[in-house]
There are 2 protein chains.
Amino acid sequence: MPRIRHERFDCSPGCTVEGTLRYIDGKWKGVVLYHLFEGTLRFNEIRRRIPNCTQRMLTNQLRELEADGLIARKIYPEVPPKVEYSLTPRGRSLEPVITALKVWGDANVTLAPEISQAAA
Amino acid sequence: MPRIRHERFDCSPGCTVEGTLRYIDGKWKGVVLYHLFEGTLRFNEIRRRIPNCTQRMLTNQLRELEADGLIARKIYPEVPPKVEYSLTPRGRSLEPVITALKVWGDANVTLAPEISQAAA
DNA sequence: CATGACGGTATCCTTTTCGACACTATGTGC
DNA sequence: GCACATAGTGTCGAAAAGGATACCGTCATG
């Protein structure tokens, strides 16, 4: 069951900062959103893009993002199952935020050596 | 002892997004940074601005931010003790990120009713 | 008949996070 | 001589987050 976070933000001025953080916090949400800016993706397509995330975790993160109205989940009643994930307008509105995070990260986050290569 | 996070960011493309998140994630860090954009503050000045954060948590968050090179801690060898916290240039460079988070939050995060009033 | 792809669940367990609370040292004011 | 302010630290325990692993049904392929 996806946890319900951020019911309240009673942390004083500045709290909408924390509020936003709780939407995109959660180990894989940032990356999931990042990949969905690419366009609509199926479950296993996302999975392949984030190999270190377990299936259970990915499901959880997707469910939470969906509950927060950031992504849409479309099920095709087929066999084998087909489920597509895409950003909602609200999710897409996070793009400047994710971009700001990425810009700062690119300039300030040192990646593990083998990854820096892979990313290059 | 402040935990050491983000030793590795092996989460595939998009990971500098996660990387940045781990710097400002941690329940009170966003707010602390937000208040320090105001200027240098003493320990209890920060504390009063974030009443829901316990002393121990505030100390932890400040220590982690310091370990990450985002804030500077200046101790005056006086009695009673006086310690000032301020942003480092690296910390200040996070301003666009925090701003992006706040802009989105102001537009999209619904505050608890009594707080919306206080913020207005 | 067995295997694999698909999109998940269910269960268990460990790690991490966070809050409550008590305690510290020193100097000043009452 | 007692309380108060400052800036913390230590310990405890609950709760949440996250990882490992196994399992599900259906269809197509070999």
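So you know, we letter chains A, B, ... as the sequences are listed, proteins then strands, and number each from 1.
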* Asked: Reckon A:Arg63 has a side-chain N or O less than 4.0 Å from the OP1 or OP2 of C:dG7?
  -> no

* Would you kindly check whether a donor in the side chain of B:Arg56 faces an acceptor in the base of C:dG19, or vice versa, at under 3.5 angstrom? => yes

* Could you state the CD-C1' distance from B:Glu18 to D:dG18, rounded to the nearest angstrom? -> 13 Å

* Map A:Lys27 and B:Arg48 onto DNA chain D by nearest heavy atom, then report which one ends up closer to the 5' terminus. => B:Arg48

* Between C1' of C:dC6 and CD of A:Glu78, the distance in whole Å -> 11 Å

* To do: Quickly work out the B:Ile46 CD1 to D:dT6 C1' distance and round it to whole Å.
  => 14 Å

* Please state how far atom CD in A:Glu66 lies from atom P in C:dG7, giving the value in whole angstrom units. => 15 Å

* D:dA5 phosphate, OP1 or OP2, under 4.0 Å from B:Lys82 side-chain N/O -> no

* Asked: What is the distance from NZ of A:Lys29 to C1' of D:dG18, rounded to the nearest Å?
  -> 13 Å

* Test item: B:Ile98 and B:Tyr34 side chains (from C-beta on) under 4.5 Å apart, heavy atoms -> yes

* To do: Kindly give the heavy-atom pair with the smallest separation between A:Ser93 and B:Trp104, and that separation in Å.
  => OG-NE1, 2.9 Å

* Asked: Any salt bridge between A:Lys29 and B:Glu18, counting N to O under 4.0 Å?
  -> no

* Structure fact -> Separation of D:dA7 atom C1' from B:Ile75 atom CD1, nearest Å, is 10 Å

* To do: Look at the side chain of B:Thr59 and decide which nucleotide, out of C:dG7, D:dT9, D:dT6, has an atom nearest to it.
  => D:dT9

* Return the minimal non-hydrogen interatomic distance between A:Ile71 and A:Leu36, and the atom names on each side. => CG2-CD1, 3.7 Å

* **Sugar-phosphate, base or nothing in reach of A:Tyr76, heavy atoms under 4.0 Å** => nothing

* To do: Would you check if A:Arg73 and A:Phe43 make a side-chain contact, meaning some heavy-atom pair closer than 4.5 Å?
  => no

* Asked: So, does the side chain of A:Gln55 form a donor-acceptor pair with the base of C:dG7 at under 3.5 Å?
  -> yes

* Determine: side-chain N/O of B:Trp28 to OP1/OP2 of C:dT17, distance under 4.0 Å, yes or no. => no

* How long is the line joining CE of B:Met57 and P of D:dG10, in whole Å? -> 16 Å

* To do: For B:Arg73 and D:dA7, give me the distance from atom CZ to atom P, rounded to whole Å.
  => 10 Å

